[in-house]
Number of protein chains: 2
Amino acid sequence: MSAGTKEKLLEGALTTLVEQGIAKTSARSIAAAAGVNQALVFYHFGSMDELLAAACRHGAEQRVARYRDRLQRIGTLAELLEFGREMHAQERQAGTVAILGQLLAGAQTHPRLAPATAAGLELWIVEIEKVLTRVLAASPLGEFTDPTGLARAVAASFVGLELYEGVDPGGAERALDALEQLAVLAAAVDELGPVAQRAVRHRLRRTARR
Amino acid sequence: MSAGTKEKLLEGALTTLVEQGIAKTSARSIAAAAGVNQALVFYHFGSMDELLAAACRHGAEQRVARYRDRLQRIGTLAELLEFGREMHAQERQAGTVAILGQLLAGAQTHPRLAPATAAGLELWIVEIEKVLTRVLAASPLGEFTDPTGLARAVAASFVGLELYEGVDPGGAERALDALEQLAVLAAAVDELGPVAQRAVRHRLRRTARR
DNA sequence: GTCTATACATGGATAGAC
DNA sequence: GTCTATCCATGTATAGAC
């Protein structure tokens with residue numbers, strides 16, 4: 001059946017990206033991972049470009065769907081932090097971020113792959129942005145932050161951290177801890193008393209002009 | 001002359017990584033970029049692995065050296081921010097971050113490349129860590145931050161942002177702006193009056209336990 | 001839709017002349 | 001140290017039988 005094979009190839013592409021990296025992801029390696037004949041890559045997708053582009057979209061949609069509902073019910077920075085840790089652990093194990101890292105690296109010099117990868121990443125970014133917008137609007141920090149930009153920064157940074165983890169797991173863990181410490185710090189500002197908040201705001205308004 | 005050819009190959013490897021990406025970086029493409037014979041890759045370096053590892057180290061040392069002195073004279077978060085912007089613009093143009101992105105992606109599934117890439121990144125991290133340690137020690141934020149972890153987070157995030165920029169330049173610019181806004185915010189806390197600082201500290205001490 | 005076979009390009013690596 | 005030539009593996013893609 002066609003749908004079965006197409007699906008197998010999409011999944012095969014994703015596992016190959018994780019296990020072999022973009023440099024060794026080929027029609028043959030994908031077909032082997034999918035357990036199907038190599039020629040079927042071209043029958044179903046026409047070219048490697050198209051298969052990788054489709055796999056990127058497929059993988060991102062599949063994964064983002066797992067969190068959409070839950071993210072919608074998050075209201076505070078502290079809640080977001082806790083759930084973010086959970087998501088991060090799950091997606092790390094699933095290889096989602098590793099896939100994005102490999103595709104992003106490949107897309108740098110591969111015009112056909114770039115828009116597809118951007119679209120895949122965008123699926124994540126949209127969700128992050130929605131939560132951040134909601135959470136920051138209810139915070140004294142809202143006035144000084146840009147959820148649209150921050151969502152993109154968060155997504156890109158996670159990819160960078162995942163790649164870093166591949167060559168220095170200890171360093172990456174230390175980096176994640178430091179960032180979380182920073183986020184906890186921001187969450188603490190949320191709960192500052194009104195006098196202190198006013199003082200902080202006043203100072204920020206004077207300085208944060210750019 | 002041997003030193004000349006070795007150097008040419010190292011430089012050729014770096015430009016090839018930027019222009020073609022890790023997936024299409026080969027002994028032939030590097031030799032072409034270097035303007036030397038393909039067989040010389042193996043005469044001088046033995047294998048592609050070794051050449052890439054050497055190129056990574058070579059490139060990082062060369063680039064980091066440009067900033068070491070200047071970074072040593074930076075004393076405040078605001079100064080660091082301004083100089084960081086300058087460094088970022090220069091290194092982006094030189095392709096330094098793009099190279100690290102490609103090597104990191106390749107290293108994920110390439111045991112021999114991983115330690116070399118980690119070492120190259122570490123050269124940058126060490127410098128960032130030194131400045132951050134100095135700057136944060138003089139700041140009320142010092143008590144709540146970990147320069148070692150932050151330096152790693154900064155380096156990894158920049159790689160992620162660079163990769164993201166390759167597929168969505170507008171989004172990446174927005175992300176960088178948002179992060180800079182955040183950094184300016186942190187710099188503002190540095191200059192808070194003593195009363196407000198005490199209030200912030202008090203609150204943070206109570207919350208930032210992890 | 002799927003398989004075998006195959007053409008044709010590219011890449012890693014070595015041998016041996018210069 | 002450098003060049004030519006070459007071997008062999010891997011990769012993209014297509015043709016044609018089933």
Side-chain angles (χ1 to χ4, degrees), chain A residues 1-56 58 102-103 105-114 116, chain B residues 1-56 58 102-103 105-114 116:
Chain A
M1 147 194 2
S2 162
T5 297
K6 260 184 127 155
E7 179 89 9
K8 275 183 207 161
L9 283 170
L10 291 170
E11 295 296 332
L14 296 177
T15 66
T16 305
L17 280 170
V18 176
E19 288 169 7
Q20 315 243 70
I22 186 75
K24 290 193 180 165
T25 291
S26 68
R28 283 179 147 93
S29 60
I30 291 175
V36 306
N37 190 284
Q38 173 263 146
L40 295 176
V41 166
F42 303 97
Y43 175 77
H44 285 289
F45 294 94
S47 69
M48 278 294 297
D49 289 3
E50 297 300 322
L51 170 51
L52 289 181
C56 177
H58 173 77
Q102 294 298 322
L103 286 173
Q108 302 297 308
T109 56
H110 207 137
R112 175 69 192 82
L113 209 49
Chain B
M1 149 198 356
S2 165
T5 296
K6 260 183 129 154
E7 179 89 10
K8 275 184 207 162
L9 282 170
L10 291 170
E11 295 295 334
L14 296 177
T15 67
T16 305
L17 281 170
V18 177
E19 288 169 7
Q20 316 244 61
I22 185 77
K24 292 192 179 165
T25 291
S26 67
R28 286 179 146 95
S29 60
I30 290 174
V36 307
N37 190 283
Q38 173 260 328
L40 295 177
V41 166
F42 303 96
Y43 176 77
H44 285 288
F45 294 94
S47 70
M48 278 294 297
D49 288 5
E50 298 300 321
L51 169 51
L52 289 181
C56 177
H58 173 76
Q102 294 297 324
L103 286 173
Q108 301 297 307
T109 57
H110 207 137
R112 176 65 193 85
L113 209 48

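Convention: sequence-line order gives letters A, B, ...; per-chain numbering from 1.
Note on B:Thr5: a side-chain N or O is less than 4.0 Å away from OP1 or OP2 of D:dT2.
The separation between A:Leu9 atom CG and C:dC3 atom P is 10 Å, rounded to whole Å. With rounding to whole Å, A:Glu50 atom CD is found 14 Å from D:dT12 atom P. Rounded to whole Å, atom P of D:dA13 lies 11 Å from atom CG of A:Leu51. Atom CG of A:Leu40 and atom C1' of C:dA5 are 15 Å apart (whole Å). Between the CD1 atom of B:Ile30 and the P atom of C:dG11 there is a distance of 11 Å, rounded to whole Å. Between the P atom of C:dG12 and the CD1 atom of B:Ile22 lies a distance of 10 Å, rounded to the nearest Å. What separates NZ of A:Lys8 from C1' of C:dT2 is a distance of 11 Å, to the nearest Å. Separating the CZ atom of B:Arg112 from the P atom of C:dG12 is a distance of 16 Å, rounded to the nearest angstrom.
Residues A:His44 and A:Glu50 bring no donor and acceptor atom of their side chains to less than 3.5 Å of each other.
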task = Take nucleotides 13-18 of chain C nucleotide by nucleotide from the 5' end and write B, S or -, depending on whether a protein heavy atom sits under 4.0 Å from the base, only from the sugar-phosphate, or from neither.
result = BB----

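The one candidate from A:Leu17, A:Thr16, A:Leu52 that meets the side-chain contact (heavy atoms from CB on, under 4.5 Å) condition with A:Gln102 is A:Leu17. Partner A:Ile30 forms a side-chain contact (heavy atoms from CB on, under 4.5 Å) with one of A:Thr25, A:Leu14, A:Thr15 and no other, that one being A:Thr25.
Between A:Ile22 atom CD1 and B:Gln108 atom CD the span is 12.5 Å, to the nearest 0.5 Å. Of the inter-residue distances, the one linking A:Tyr43 atom OH with A:Asn37 atom CG reads 13.0 Å to the nearest 0.5 angstrom. Note that the NE2 atom of B:His58 and the CD atom of B:Glu11 stand 4.0 Å from one another [nearest 0.5 Å].
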